[in-house]
Amino acid sequence: MSETIIPPGTVWLVGAGPGDPDLLTRKAEKLIRAASIIFYDALVGEGVLELAPHSARLVPVGKRSGRHSKDQYSINEMLIEAALAGERVVRLKGGDVGIFGRATEEMDALAKRDIVCHICPGITAASAAAASAGISLTLRGLARKLVFVTAHAKAGEELDLDWQALADPKATLAIYMGKAAAATISRQLVEAGLPANTPVLLVENASLPQERQFRTRLDLLALSAKSALGEGPALMLIGEAVCQRRVAGYSGFSYMVPPPILAAFCRGS
């Protein structure tokens, strides 16, 4: 059965979602259960890894911002070696494979060796964070555009983004890996014309039992990130849609969200 789902020598790049195994797609679960070897990123949840068969070899390859246990070239070579050895290979990536997951580099490396590679998409952290907060990332008349941004820059390099384009009051910005760059993000967006009181939602460990949410505003983003966020992966949602009130009776995910520790709330809250 496993060889029907993943033929030997084939690689699947699988989106592991934001961490909660209940948010895996059915296809992702089938692929994980059929794998003979799984290369997984640091952000893949323990509950997801527990779905792997006992016979499968689990290989950590790191890939957290600023803390990589394997460089990309080494990961590519490991995937190639496993595929050429006839393994049923799953490459597990946090969130969605195609959103800041460096999937193209791995696919290109595999293609050069004529290794068949497929993609299984996953739920990205922005979707999970918004669902948990009871908000929509887009809203008619208020947020007509959704922009995914990575704030990760190489060591010693400045964050090089088109701030003017990002400072759109009719957009929602979903900023990944932005914790260390919070001050730069705040300053550059305000200088580019985005109002200082634009609502911001910070979400740490989205979808996990230890998830925490903090509401603030753009000009207080640096202080909020420094004061509120811990060591977990964090996401920033910026824009007017973030300030929607929950509908009556909304249950969402059942994660406990502590009261904000900062006196910076959305307008009208």
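Residue numbers start at 1 and run along the sequence shown. Fair warning: this is a prediction, and the values are worked out from it, not measured in the lab.
- For Glu191, the salt bridge (charged side-chain N to carboxylate O under 4.0 Å, His left out) test picks out no residue, with sequence neighbours left out.
- Phe100 contributes atom CZ, which lies 8.0 Å from atom OG1 of Thr124 (distance to the nearest 0.5 angstrom).
- Residues Leu139 and Leu194 do not share a hydrophobic cluster, clusters being chains of Ile/Leu/Val/Met/Phe/Trp/Tyr side chains in contact below 4.5 Å.
- Shown here are the salt bridge (charged side-chain N to carboxylate O under 4.0 Å, His left out) partners of Glu204, two or more places apart in sequence or in another chain: Arg212.
- Residues Phe39 and Ile75 fail the side-chain proximity criterion, which asks for heavy atoms closer than 4.5 Å.
- A pairwise comparison of heavy atoms in Ser207 and Gly19 identifies OG-N, 3.7 Å as the closest pair.
- In this structure, Pro169 and Thr198 have side chains that are not in contact, with every pair of non-hydrogen atoms separated by 4.5 Å or more.
- The shortest distance between side-chain heavy atoms of Leu31 and Ile5 falls below 4.5 Å.
- Rounding to the nearest 0.5 angstrom, the gap separating the CD atom in Glu211 from the CG atom in Asn205 is 8.0 Å.
- Under the side chain to side chain contact (heavy atoms under 4.5 Å, CB included) criterion, Val116 pairs with Thr10, His118, not counting sequence neighbours.
- Judged as a side chain to side chain contact (heavy atoms under 4.5 Å, CB included), and not counting sequence neighbours, the contacts of Ser74 are Asp71.
- No donor-acceptor pair under 3.5 Å is formed between the side chain of Arg91 and the backbone N or O of Val11.
- A continuous path of hydrophobic side-chain contacts links Ile38 to Leu51 [ILVMFWY only; heavy atoms under 4.5 Å].
- By the side chain to side chain contact (heavy atoms under 4.5 Å, CB included) test, Ala151 is found to be paired with Leu159, Ile175, Ala181, Ile185, residues two or more places apart in sequence or in another chain being considered.
- For the side-chain contact (heavy atoms from CB on, under 4.5 Å) with Met177, the qualifying choice from Leu235, Thr150, Val149 is Thr150, the only one to do so.
- In this structure, Ile32 CD1 and Leu24 CG are separated by 5.0 Å, a value rounded to the nearest 0.5 Å.
- Closest heavy-atom contact between Ala126 and Leu137: O-CD1, 3.9 Å.
- Residue Ile119 is grouped with residue Val61 when hydrophobic side chains (ILVMFWY) are merged at heavy-atom distances under 4.5 angstrom, including chains of intermediate members.
- Cluster membership check: Val97 shares its hydrophobic cluster with Val59, using side-chain heavy-atom separations under 4.5 Å among Ile, Leu, Val, Met, Phe, Trp and Tyr.
- For residues 48-57, no residue pair satisfies the side chain to side chain donor-acceptor pair (under 3.5 Å) rule, not counting sequence neighbours.
- Every residue meeting the salt bridge (charged side-chain N to carboxylate O under 4.0 Å, His left out) condition with Glu105, not counting sequence neighbours, appears here in chain and number order: Arg102.
- Residues satisfying the salt bridge (charged side-chain N to carboxylate O under 4.0 Å, His left out) test with Lys170, not counting sequence neighbours, are none.
- Shortest non-hydrogen contact noted between Thr216 and Ser224 is OG1-OG, 2.7 Å.
- The hydrophobic cluster containing Tyr73, built from Ile/Leu/Val/Met/Phe/Trp/Tyr side-chain heavy atoms closer than 4.5 Å, comprises no other residue.
- Within the structure, the salt bridge (charged side-chain N to carboxylate O under 4.0 Å, His left out) test picks out no pair touching residues 109-137 (sequence neighbours left out).
- Heavy atoms only, all atoms of each residue included: Cys120 and Ala28 are closest at SG-N, 3.7 Å.
- Contact check for Thr25 versus Lys30: no side-chain heavy atoms found under the 4.5 Å cut-off.
- When side chains are defined from C-beta on, Leu173 counts as touching Leu189, because their heavy atoms get closer than 4.5 Å.
- Hydrophobic clustering keeps Leu142 apart from Leu218 (ILVMFWY residues linked when any side-chain heavy atoms are closer than 4.5 Å, directly or through intermediates).
- With contacts defined as side-chain heavy-atom distances shorter than 4.5 Å, the pair Cys117/Trp12 does not qualify.
- When all heavy atoms of Leu49 and Leu58 are compared, the pair lying nearest together is O-CD1, 4.4 Å.
- Here Glu106 contributes atom CD and Leu13 contributes atom CG; the two are 6.0 Å apart, rounded to the nearest 0.5 Å.
- For residues 188-210, no residue pair satisfies the ring pair (Phe, Tyr, Trp, His ring centres under 6.0 Å) rule, not counting sequence neighbours.
- Closest approach of Ala83 to Ile115, counting heavy atoms only: CB-CG2, 3.7 Å.
- None of Thr172, Thr138, Asp168 except one satisfies the side chain to side chain donor-acceptor pair (under 3.5 Å) rule with Lys145; the exception is Asp168.
- Among residues two or more places apart in sequence or in another chain, the side chain to side chain contact (heavy atoms under 4.5 Å, CB included) test is passed with Asp162 by Gln164, Ala165.
- Here the CG-CG distance, from Leu202 to Leu221, works out to 6.0 Å after rounding to the nearest 0.5 Å.
- With a 4.5 Å cut-off on side-chain heavy atoms, Val200 and Val242 do not count as touching.
- Contact annotation: the side chain of Leu110 approaches that of Ile80 to within less than 4.5 Å [non-hydrogen atoms, C-beta and beyond].
- With rounding to the nearest 0.5 angstrom, the NZ atom of Lys93 is 11.5 Å from the CG atom of Leu43.
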